[in-house]
Amino acid sequence: HSGGISTVFHTLANGGTAAVAEARSPSAVCQASAKYRAELVDTSLEMDDEAMEKYLTDNVPPTAEVLRAYQLLGQQGQVAYSPALSYLNSDTESNTEFISRKILVNAQAGNDVTALVNTLVTHQTADGGFGDLAGQSSAIFDTAFALQALAAANYTSGQQVASAVGFLLNRQGAVGG
C-alpha cells in the first residue's frame, strides 16, 4: 500500500528509524514501540509531505499511550516499561493533553502526581474549561483530558471539577454531541 511505504520513506529520509514488531499483537507492538521509542503513525491517513511533517512534529509522543496499553494488559514487568516511563517523565512538554497523559500513566503506576496536578490546574480558565496552555482559551478536548487526569489522581470533587464538567455540559448540543 503506497501510503504506508511513503510514510516509511518520509520517516527514514527525515532521520527517523523504522521498527518492526516481532508479532502482530498488542504486547509485541507495545514492546517494539517502547524499546525503540517509536512513534506510532496511523498510515491510513491521507497526507502530503508537509502535512505528514506537521503530524510527526506536532503530535504528542505516544509513549504515554504505549505505557497505558502495558498497564491495561498487566505488562508493567516488560523490560521496556521502566525506560519508557522514565522517557515520558523526562519530557518537558507542558500542554494540557500531555500533562494529562503523564498524570494518567503515573497515577496508575502509583507515582506521586501532585506536582503534575498543580501544573494542570493552572490551565483552567474562568469559564471552567481547560486551555492548551495556561492563559489560553478553553477547549472541549483539553477539558476532557484534564478531567480524565484529575479523576485518575482521585480529584473527583470540588469546584475545579464541577466547573470543568459545567463547561462541557454548556457546550453539549441538543442531540447529545
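Please read these numbers as outputs of a predicted model, since none were measured by experiment.
Residues Leu169 and Leu150 are members of one and the same hydrophobic cluster, defined by side-chain heavy-atom contacts under 4.5 angstrom among Ile, Leu, Val, Met, Phe, Trp and Tyr. Following chains of ILVMFWY side-chain contacts shorter than 4.5 Å, one can reach Val117 starting from Phe130, so the two form part of one hydrophobic cluster. When hydrophobic clusters are built by joining Ile, Leu, Val, Met, Phe, Trp and Tyr residues whose side-chain heavy atoms come closer than 4.5 Å, directly or via intermediates, Val113 is grouped together with Val121.
Residue pairs that meet the side chain to side chain donor-acceptor pair (under 3.5 Å) test with at least one member in residues 147-161, sequence neighbours left out, are Gln159-Ser163. Listed by first then second residue, pairs satisfying ring-ring contact (aromatic ring centres under 6.0 Å, His included) with a partner in residues 106-125 number zero, not counting sequence neighbours.
Here the side chains of Gln76 and Gln71 are in contact, with some heavy-atom distance below 4.5 Å. Looking at heavy atoms from C-beta onward, Ile140 lies out of side-chain contact with Phe145 at the 4.5 angstrom threshold.
Checked by atom type, the side-chain pair Glu93/Asn95 shows a donor-acceptor distance below 3.5 Å.
Judged by distance alone, with hydrogens and angles left aside, the side-chain atoms of Glu97 form no donor-acceptor pair with the main-chain N or O of Asp142 at under 3.5 Å. Remark: the backbone N or O of Leu88 is not paired with any side-chain donor or acceptor of Thr63 at under 3.5 angstrom. Listed for the Ser138 side chain is no donor-acceptor partner under 3.5 Å among the backbone atoms of Thr125. Without hydrogens or angle criteria, Lys102 side chain to Asp91 main chain gives a donor-acceptor distance under 3.5 Å.
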